[in-house]
Amino acid sequence: MKIIVLAGGLSPERNVSLSSGTKIAQALRGLGHTVALVDMYFGLEDYPGLKVEELYGAPTPERWQKVDREAPDLEAVRAARRWEGKGDFGPGVLDLCRDGDIVFLALHGQCGEDGRVQAAFDLLGIPYTGSGYLGSAIAMDKDLTKRLVAHLVDTPDWQFADYTEKEVDSLTSRTPVPCVVKPVDSGSSIGVSIAQDKKALRAALVEGLKYGGRCVLERYVKGREIQVGILDGRALPAIEIIPRQGFYDYENKYQPGAAEEVCPAPITAEQAAEVGRKAQAVYAALGLGVYSRADFMLDEDGRFWFLEINTLPGMTPTSLMPQEAAAEGLDYPQLCQRIIDSSLRQQRKN
């Protein structure tokens, strides 16, 4: 097959996406596919002198293989693009995507995981991997997701806030602590803070203005972090995340050795079945397809609390979904192939 792996883009998670895309492209080439890896935002700029059809088999830039400790400065990314065209699709990207049999979406975050790319591809008749535009858009919005699934699963009490700098003090005063402050439409724990007191809460809200001042303020649940992948509508073995220090933030997610990951999670068979059912319930309620990963906290009383669900889980060397698949005997290249096969079946149904 001719497969386009689309990565990067203009998102705080672009470096994670490039790492995912590099590993996916290498795995698919190892399976014998003809593969082109391209950064959605820079397009052919990364391959000077090459034509669209010459991108297949082009070597991947070495700098894409590792995830930096900090999220990228998006203003610097914008300034680095030489092409003067507008929009998030760089030069040659759409032509390349039209040329392939399917686009493997290795995008993460607001540029690619929020349904806009999926909608564009639907209109252009371009097959792609993962959930459709509507489920992707809903799952990207943490507030809307919780509203839709709160009757199906336990989820910590929360409020949505769309605030300005002038409203920080009043929002601080009326919000109970401890709480978790999360940008409403971001991933990889970018911009997430755990506020144990009012001073920390105010600082987190000020920091949140960098991400648009739209956030979810969620009651803090102390416990064990348990995550569950869904593949073809079926729950994979759960995984437990144990950060070496702090919580499972951006650095702990992507720096090797920063967190201990135990799969299958050391929970009872009954608990594993329960959290799997809860993940499946969220997946079905949002109308998701192919694969996803749901995040839970398991408190001291043995109660699972749903936090959020990701429609394009990370596929980097430290990512969780591949580890869960491996626990069922599905290696990384096989997982990539399953995602493609399932996505093509879904596209034919639609």
Side-chain angles (χ1 to χ4, degrees), residues 113-115 130-132 134-161 176 178-189 192 194 215-242 247-248 253 261-314 320-321 323-325 327:
E113 202 167 355
D114 59 4
S131 296
L134 184 57
S136 298
I138 294 171
M140 193 67 195
D141 187 310
K142 295 178 177 64
D143 174 54
L144 185 54
T145 294
K146 287 163 77 76
R147 289 173 186 267
L148 290 176
V149 305
H151 68 293
L152 297 172
V153 293
D154 294 321
T155 188
D157 294 337
W158 82 100
Q159 62 171 309
F160 168 67
C179 74
V180 184
V181 182
K182 305 177 181 180
V184 73
D185 57 358
S186 186
S188 290
S189 297
V192 174
I194 298 176
C215 71
V216 166
L217 300 166
E218 181 181 80
R219 179 176 62 84
Y220 172 66
V221 175
K222 183 180 180 181
R224 300 161 62 188
E225 184 152 357
I226 307 292
Q227 304 195 1
V228 183
I230 300 291
L231 182 61
D232 286 336
R234 191 174 63 82
L236 294 172
I239 189 169
E240 180 174 4
I241 312 304
I242 309 169
F247 71 101
Y248 198 45
K253 276 181 164 71
E261 295 148 359
V262 185
C263 187
I267 54 180
T268 67
E270 291 77 14
Q271 287 176 318
E274 177 188 354
V275 75
R277 287 193 300 271
K278 291 178 182 296
Q280 287 172 305
V282 174
Y283 176 95
L286 301 186
L288 304 184
V290 186
Y291 71 127
S292 68
R293 195 199 69 243
D295 302 351
F296 295 85
M297 293 298 293
L298 175 60
D299 71 14
E300 296 174 348
D301 297 323
R303 189 173 179 182
F304 286 103
W305 296 89
F306 168 74
L307 303 179
E308 60 187 80
I309 193 165
N310 301 274
T311 56
L312 292 176
L320 308 178
M321 185 83 180
Q323 295 183 54
E324 295 184 47

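Below, all heavy atoms of this structure are taken into account, side chains as well, without hydrogens, waters or symmetry copies.
Atom-to-atom distance recorded for D157:CG and C179:SG is 12.0 Å, nearest 0.5 angstrom. Residue I309 holds its CD1 atom at 3.5 Å from OG of S292, rounded to the nearest 0.5 Å. Here OH of Y291 is found 8.0 Å from OG1 of T311. Values are rounded to the nearest 0.5 Å. For the atom pair CG (D295) and CG (N310), the distance works out to 5.5 Å, reported to the nearest 0.5 Å. For the atom pair S131 OG and L312 CG, the distance stands at 7.5 Å (nearest 0.5 Å). Taken from CZ in R293 to CD1 in I239, the straight-line distance is 9.0 Å, to the nearest 0.5 Å.
The two residues V228 and G276 have their closest heavy-atom pair at CG1-CA, 4.3 Å. Between A235 and I230, the shortest heavy-atom contact is CA-CD1, 3.6 Å. Among all heavy-atom pairs drawn from L236 and A325, the shortest one is CD1-N, 4.1 Å. Scanning all heavy atoms of the two residues, the minimum distance from A238 to I226 falls at CB-CG2, 3.8 Å.
With a 4.5 Å cut-off on side-chain heavy atoms, V262 and I242 count as touching. With a 4.5 Å cut-off on side-chain heavy atoms, C263 and P237 count as touching.
In this structure K278 satisfies the side-chain hydrogen bond (donor to acceptor under 3.5 Å, both in side chains) test with no other residue, sequence neighbours excluded. In terms of the salt bridge (Lys or Arg N to Asp or Glu O under 4.0 Å) criterion, E324 has no residue partners (sequence neighbours excluded). Residues passing the salt bridge (Lys or Arg N to Asp or Glu O under 4.0 Å) test with R277: none are found, sequence neighbours excluded. Under the ring-ring contact (aromatic ring centres under 6.0 Å, His included) criterion, F296 pairs with F306, sequence neighbours left out. In this structure, the side-chain contact (heavy atoms from CB on, under 4.5 Å) partners of A272, at least two apart in sequence or on a different chain, are I267. Residues meeting the side-chain hydrogen bond (donor to acceptor under 3.5 Å, both in side chains) test with T155, sequence neighbours left out: K146. Looking at residues two or more places apart in sequence or on another chain, you find no side-chain contact (heavy atoms from CB on, under 4.5 Å) involving P176. When the side-chain contact (heavy atoms from CB on, under 4.5 Å) test is applied to L134, the partners found at least two apart in sequence or on another chain are I138. Considering only residues two or more places apart in sequence or on other chains, Q280 meets the side-chain hydrogen bond (donor to acceptor under 3.5 Å, both in side chains) condition with none of them. Judged as a side-chain contact (heavy atoms from CB on, under 4.5 Å), and not counting sequence neighbours, the contacts of D143 are D141, R147, W158, F160, V184, V216.
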What side-chain donor-acceptor pairs closer than 3.5 Å can you find for residues 297-305, not counting sequence neighbours?
| residue | atom | partner | partner atom | Å |
| --- | --- | --- | --- | --- |
| D299 | OD1 | D301 | N | 2.9 |
| D299 | OD1 | G302 | N | 3.1 |
| D299 | OD1 | R303 | N | 2.9 |
| D299 | OD2 | W305 | NE1 | 2.9 |
| R303 | NE | D154 | OD2 | 3.1 |
| R303 | NH2 | D154 | OD1 | 3.3 |

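Only one option out of K142, K182, Q159 pairs with E218 in a side chain to side chain donor-acceptor pair (under 3.5 Å); it is K182.
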### Task
Could you check L286 against L148 for side-chain contact (heavy atoms from CB on, under 4.5 Å), going step by step and ending with a plain yes or no?
CA-CA 8 Å; L286 301 186; L148 290 176; 4.0 Å; yes
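Among pairs with a residue in residues 231-241, those fulfilling side chain to side chain donor-acceptor pair (under 3.5 Å) read R224-E240, D232-R338, D232-S342, R234-E328, at least two apart in sequence or across chains.
A donor-acceptor pair under 3.5 Å links the side-chain atoms of Y283 to the main chain of V290, judged by distance alone.
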